[in-house]
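A quick note: this is a predicted structure, and the numbers were derived from the prediction, not measured. Every chain is numbered from 1 and lettered A, B, ... according to where its sequence line falls, protein lines coming before strand lines. Below, each value reflects all heavy atoms present in this structure, side chains not excepted, and no hydrogens, waters or symmetry copies.
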Amino acid sequence: MLTIYDSAARAKREFTPIRPGHVGIYVCGMTVYDRCHIGHARVLVVFDMVVRYLKERGFDVNYVRNITDIDDKIIARAAENAESIESLTNRFIELMHRDAEALGCLPPTSQPRATENVDEMIAMITTLIDRGNAYRADNGDVYFDVSTFDRYGSLSGRDPEDLRAGSRVAVDEAKDDPLDFVLWKHAKAGEPQWDAPFGPGRPGWHIECSAMSTEALGTTFDIHGGGHDLMFPHHENEIAQSECATGCHFVNYWMHNGFVRVDDEKMSKSLGNFFTIEEVTQRYHPEVVRLFILSSHYRSPLNYSDQHLDAAQASLSRWYSALKKVPANAEPIAEVMDAFHDAMDDDFNTPKAIALIHEQLSLVHKIGESDKEAAAPHAATINAMGAILNLGQLDPDVFLHWSAEGDREDTLDDADINQLIAQRAEARASRNFEESDRIRDLLLDNGITLEDGPQGTTWRRQ
RNA sequence: GGCUGGAUGGCAGAGUGGCUAUGCACCGGAUUGCAAAUCCGUUUACCCCGGUUCGACUCCGGGUCCAGCCUCCA
């Protein structure tokens, strides 16, 4: 039985899809005005894992992740760069796709862009105005009237009265109520704009997710995900808009991933304590980052540090050296696979699932020393579990020989290394251990670790 | 201030009303020309105070501390 922690219920609930065998999942994606950082990597990897596991469970998954390509920050950044908005957003969309691919994430089924769905947003806003849930203010902006939706605040457990009382919301003269939020921003000179029955302008942020999720997945769908910081007000606002516009229950399961932290503080653009996916994957193999992310439960905070990445790297080295040692020409072990599924069924408990992989790795190393055939089922089990998480699927040497991009120019290439290993083999054969050790130290200085074995010497980086 | 969530061994990180999580690190040993890798063995826990119970790290109550949201944010 697959259970998912539903943020709205604040409890794990058995997962029952609307249509048997099918899952519709919508995840709030990126606003494309800058590079993605490790916090964004977490959303990408976590929901990739969720989608892969749903598929593993036999569901046909419709995974929609939007791209916000029109908003204040994008307009500001494009102006700063003296670049067109389209050029800016296309550039960062491409970089985002590159990051996602590096992290081993499958592309979503669809990735709707806000600017390509403005008609749907206008239609939804029109409905909201017609039904009395939204109003056009004197300045031309259109706002959602929070007082018309009595469940407002239920997702995040907030009482609108409390919000008003301790309001830190900037007082906007145009709003009837400080909690009202903008659906449509009136046109301003030099900004993109679309014609609409309620006046030219551009959409507010929240409406895009309501319009695009409904367009792609229907008025009620199974799972809606995103970072924990989107719970309020973004997701709260989505619920209000969607349920008022369609009259239907919006989402059955809300999933929110925890933050990546640096020194126990949230990694964020405004604090400036972020590391981009690109810079980290130049220093560590992208799969190290993926394992690092999946090593903790998706709802827990995740502290970013080189030490933790080093640990993930060590795990993968051990993983790939096990696979290198033993061929996986056998069937996976059913009991272990069952335990793996049980762990994943329990709200995607990847740390527990990965612990099972570690246990099998130990067995491969232990048994594989003397009996490769007996170790093969364990290796096959590791491969099967790894395939579901998309870990450990590379050629072992591709991982073990991988070098950090920043080091590439001043380190030895593979041919140099093999040359030196051959020289060392000669020295060892003639029992010239002084020369042999000199070569090994030289390689170690270049980040290359040698391992002498019965089949000769192998090497790996770091 | 309000609302969420959390506190597990040196570090990371699961979990359970009584039985070794797991990985890394440490220490001892095997192996090795020496290493590395691997294996064997050992050590280190459940924030505090009450309560329930034959028995609580696990349940209940009260504290303390931490993080997040309440403004754009994955």
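Taking atom P in both B:C66 and B:C59, the straight-line distance is 23 Å, to the nearest Å. Taking the C1' atoms as reference points, B:U71 lies 39 Å from B:C49, given to the whole Å. The gap from the P atom of B:G18 to that of B:A56 amounts to 11 Å, rounded to the nearest Å. A gap of 28 Å separates the P atoms of B:C69 and B:C60, to the nearest Å. Look at the C1' atom in both B:C11 and B:C34: the space between them is 30 Å, to the nearest Å. Rounded to whole Å, the separation between the P atoms of B:U38 and B:C24 comes to 7 Å. For B:G41 and B:U52, the C1' atoms lie 41 Å apart once the distance is rounded to whole Å.
Applying the ring pair (Phe, Tyr, Trp, His ring centres under 6.0 Å) test to pairs two or more places apart or on separate chains, none has a residue in residues 429-451 of chain A. Every pair passing ring pair (Phe, Tyr, Trp, His ring centres under 6.0 Å) that includes a residue from residues 365-399 of chain A is listed here, sequence neighbours excluded: A:His285-A:Phe399, A:Tyr320-A:Phe399.
In this structure, A:Arg65 is not positioned above the aromatic face of A:Phe47 in the sense of NZ or CZ being under 6.0 Å from the six-membered ring centre and within 45° of the axis.
Here A:Phe232 lies in heavy-atom contact (under 4.0 Å) with sugar-phosphate atoms only. Using a 4.0 Å heavy-atom distance criterion, A:Val46 is classed as making no nucleic acid contact. Residue A:Asn257 is in base contact, counting any heavy-atom pair closer than 4.0 Å across all strands shown. Contacts of A:Gly29 with the nucleic acid, taken as non-hydrogen atoms under 4.0 Å apart, involve only primed sugar atoms and P, OP1 or OP2. In this structure, A:His256 reaches neither bases nor backbone, as no heavy-atom distance under 4.0 Å exists between it and the strands shown. Looking at heavy-atom distances under 4.0 Å, A:Ser300 makes contact with sugar-phosphate atoms alone, never a base. If you check every strand for non-hydrogen atoms under 4.0 Å, A:Gly39 touches a base.
Not counting sequence neighbours, A:Phe259 has no partner by the ring pair (Phe, Tyr, Trp, His ring centres under 6.0 Å) test. With sequence neighbours excluded, no residue satisfies side chain to side chain donor-acceptor pair (under 3.5 Å) with A:Glu265. Applying the side chain to side chain donor-acceptor pair (under 3.5 Å) rule to A:Ser315 yields no partners; only residues at least two apart in sequence or on another chain are considered. Legend: residues meeting ring pair (Phe, Tyr, Trp, His ring centres under 6.0 Å) with A:His308, ordered by chain and number and at least two apart, are absent. A search for ring pair (Phe, Tyr, Trp, His ring centres under 6.0 Å) contacts involving A:His235 returns A:His224, A:Trp254, A:His256, not counting sequence neighbours. Every residue two or more places apart in sequence or in another chain was checked for a side chain to side chain donor-acceptor pair (under 3.5 Å) with A:Tyr33, and none qualifies. Partners of A:Tyr284 by ring pair (Phe, Tyr, Trp, His ring centres under 6.0 Å), not counting sequence neighbours: none found.
Between the P atom of B:A67 and the CG atom of A:Asp263 lies a distance of 12 Å, rounded to the nearest Å. Rounded to an integer number of Å, the gap from CD of A:Gln455 to P of B:U32 is 16 Å.
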### Query
In dot-bracket, 5' to 3', how would RNA chain B read with Watson-Crick or G-U wobble pairs under 3.5 Å, [ ] for crossing ones and | for pairs to another strand?
(((((((..(((.....[...)))..((((.......)))).....(((((..]....))))))))))))....
### Query
If the sugar-phosphate is the primed atoms plus P, OP1 and OP2 and the base is the rest, what is the B/S/- string for nucleotides 35-42 of chain B, using protein heavy atoms under 4.0 Å?
BBSSSS--
### Task
Using a 4.0 Å cut-off on protein heavy atoms (strictly under), produce a 5'-to-3' string for nucleotides 3-11 of chain B with B for base contact, S for backbone-only sugar-phosphate contact, and - for none.
SSS------
